[in-house]
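Reading through the structure tokens given below for one structure.
What you see below is based on every heavy atom in this structure, not just the backbone, and it leaves out hydrogens, waters and symmetry mates.
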Amino acid sequence: EKAAVEKLQSRCQLLQLRSKELEEAISDIQSQLLKQRMLNREDHVLRLLVINASNLDEWWQKSREFVTEHSGLELLNPLEWVMLFRSLPAAWLAGVFSSKFLLRKFDHKFEKEGFANEFTLALLTTGAAYLPMLLLSLAAPIYFLIATGDVRPIPVVNIFAYGLPLVVGLLFVSRLLFAPVEPAKPFIAVEYGYGVKVRNRIHSIIIVGFVSYLMLGILHAGSFPDYLRSLTIMVMSTIMVVQIILLLRLIRRSDALKDFTWAIILVNVLLFVSQIGHLLGYVNLGYMGKRTLRGGIALWGLAILAHKLLSSLFDSLDLGASSWSRKLRSKVGVKEGKVFPGLFLVRLAVTVVIWGGFALLLMKVLGVSSAVFADVQAMIVSGVTVGNFHIVPAQFFWALISFSVIVIVGNWIKSRMRKRWLNLLPISTSGRDTLLTLTGYIVYTVAALFALGMMGMDYSKLALIFGALSVGI
């Protein structure tokens, strides 16, 4: 039996060695493939210009024929034209009435200072201004999808309509962030005039992106030659990169970002180098560089916005700065001038989630291999051993949340006991205070034990210690 066990252990060790060798071989092959793909050179911009110039009459004639013969408007019968001229104005009018309804619900309490109030006011006023366009941009693609959605190749009007919701949504977000509709003011640290300049530059980027989408959508639907598509991508991406560099140049002038001037300059240089590589024919390398920079900047902005908004909400709970936070503090029994119980750990957990999620998504944007990404996920869920301790980040997060929830619920119970339940019992004031104090101790003890249990603490040894103490007593 001992020999069989030793033989099985030897086989396990051999399999482990082979699996490690296999993982290393797979990693080497993936690295080589990635290197070959990144350094693969296609036609550069000058060659593409020569090829397109030599076939100018051919693809120009094909473009005119495709746009005129497959516009999609010729497919609509008279009844569908009537429905079109009814549905689009109806969507616009619905947006107008909805925006007026939102403005009637306007509450001047949102004009108070504070990130949450400023954000809510900006969202309300800007949303009301953009609601007609948003509903119209949604109605158009839905209508053309129903009327001509099964037609192939995809008609030009469908390609145009499908991109409208995203364009209007991005215009709304840029207006919301940098120059919200009055009486709202920018809820981020920018002056209104400067915010207008940033918004206008972002609008230029959105328009360039929409034109690029429209042109590439038509070229793809019409099965145009690859050399025309490649040249179009190079030209439009160059215009886009120039617009982004001008935006970053404008952002660099902000007083709030003076400390990040070096980072903005670095991003400009990397964008420029990536685009030069693209124009020289290193398409995959250029794509990867630009995608990484755009994705990283977008993720960083979203993380900052989420952290700022949630921090403002937590500050309101701690200080009782708004009516809803004061009501919640009263229900939980938080006295004036005291911080909200358990909220510090919730802040910590939320911060870990926001920036941990930012790091994970950034790894995806950077193109980290699936094996490395799976290892990171396994470390978060299964944990990592440091010395004699086994740390599981996921369990640590749930431990923080459970401790905070139990403390908040316990304080609510204490508040109910003090205001109602203890008044029904024939006990003295000192007895009531003793019961409330004991309840507080019990709540924090239960919260700590539950949190430690969530982190994987084994209570069997603790039970043996308490048992031994009880026997000694």
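Considering only residues two or more places apart in sequence or on other chains, S274 meets the side chain to side chain donor-acceptor pair (under 3.5 Å) condition with none of them. Not a single side chain to side chain donor-acceptor pair (under 3.5 Å) links T351 to another residue, sequence neighbours left out. Contacts of Q243 classified as side chain to side chain donor-acceptor pair (under 3.5 Å), with partners at least two apart in sequence or in another chain: R201. Scored by the side-chain contact (heavy atoms from CB on, under 4.5 Å) test, I354 finds A303, A306, H307, L310, V350 as partners (sequence neighbours excluded). For R199, there are no salt bridge (Lys or Arg N to Asp or Glu O under 4.0 Å) partners two or more places apart in sequence or in a different chain. By the ring-ring contact (aromatic ring centres under 6.0 Å, His included) test, Y143 pairs with no residue at all, sequence neighbours left out. Here I146 pairs with I142 under the side-chain contact (heavy atoms from CB on, under 4.5 Å) rule; sequence neighbours left out. Residues meeting the side-chain contact (heavy atoms from CB on, under 4.5 Å) test with L270, sequence neighbours left out: L266, L293. In this view, Y130 satisfies the side chain to side chain donor-acceptor pair (under 3.5 Å) rule with no residue, not counting sequence neighbours.
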Chi angles and distances behind the side chain to side chain contact (heavy atoms under 4.5 Å, CB included) call for N158, L145 | CA-CA 7 Å; N158 289 50; L145 179 63; 5.5 Å; no
Could you walk me through whether M133 and W92 pass the side chain to side chain contact (heavy atoms under 4.5 Å, CB included) check?
-> CA-CA 7 Å; M133 286 188 290; W92 176 271; 3.8 Å; yes
Going through the distances and angles, do I154 and H220 end up as a side chain to side chain contact (heavy atoms under 4.5 Å, CB included)?
-> CA-CA 9 Å; I154 301 175; H220 178 74; over 6 Å; no
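Taking 4.5 Å as the limit, every side-chain heavy atom of V443 sits out of range of all side-chain heavy atoms of I413. Looking only at side-chain heavy atoms (C-beta outward), L166 and F210 stay at 4.5 Å or farther from each other. V352 has its side chain out of reach of F397: every pair of non-hydrogen atoms, C-beta onward, lies at least 4.5 Å apart. Within the 4.5 Å cutoff, no side-chain heavy atoms of L136 are placed close to those of P132. Residues Y194 and I251 form a side-chain contact, since some pair of their non-hydrogen atoms from C-beta on lies under 4.5 Å apart. At a threshold of 4.5 Å between non-hydrogen side-chain atoms, the residues F160 and Y213 do not count as touching.
A distance of 12.0 Å separates CD1 of I244 from CD1 of I239, quoted to the nearest 0.5 Å. Residue N268 holds its CG atom at 9.0 Å from CG of L246, rounded to the nearest 0.5 Å. Rounding to the nearest 0.5 angstrom, the gap separating the CG atom in L435 from the CD1 atom in I442 is 9.0 Å. Annotation: the span from L164 atom CG to I159 atom CD1 amounts to 12.5 Å, rounded to 0.5 Å. In this structure, CZ in F344 is found 11.0 Å from CG in D318, a value given to the nearest 0.5 Å. Rounded to the nearest 0.5 Å, atoms OG1 (T238) and CG (L279) are 4.0 Å apart.
The side chain to side chain donor-acceptor pair (under 3.5 Å) analysis of residues 436-446, with sequence neighbours excluded, yields no pairs.
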Output side-chain donor-acceptor pairs under 3.5 Å for residues 168-179, partner residues at least two apart or in another chain, one line each.
from: S174; atom 1: OG; to: L170; atom 2: O; distance (Å): 3.3
from: S174; atom 1: OG; to: L171; atom 2: O; distance (Å): 2.8
from: S174; atom 1: OG; to: H203; atom 2: NE2; distance (Å): 2.9
from: R175; atom 1: NE; to: A179; atom 2: O; distance (Å): 2.4

Donor-acceptor pairs are to be reported for all side-chain atoms of residues 399-411 against protein atoms at under 3.5 Å, with residues two or more places apart or in another chain.
from: S402; atom 1: OG; to: W398; atom 2: O; distance (Å): 3.0
from: S402; atom 1: OG; to: A399; atom 2: O; distance (Å): 2.9
from: S404; atom 1: OG; to: G342; atom 2: O; distance (Å): 2.9
from: S404; atom 1: OG; to: L400; atom 2: O; distance (Å): 3.0
from: N411; atom 1: ND2; to: V407; atom 2: O; distance (Å): 2.7

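S415 and S330 make their closest contact through OG-O, 3.9 Å (heavy atoms, listed as atom of the first residue, atom of the second, distance). The two atoms that bring S311 and R347 nearest to each other are O-NH1, 4.0 Å, heavy atoms only. Closest of all the heavy-atom pairs between L131 and S99 is CD2-N, 3.8 Å. Between V181 and A129, the shortest heavy-atom contact is CG2-CB, 3.8 Å.
Side chain of T126 to main chain of L123: no donor-acceptor pair is present (N/O by atom type, distance under 3.5 Å, no hydrogens or angles).
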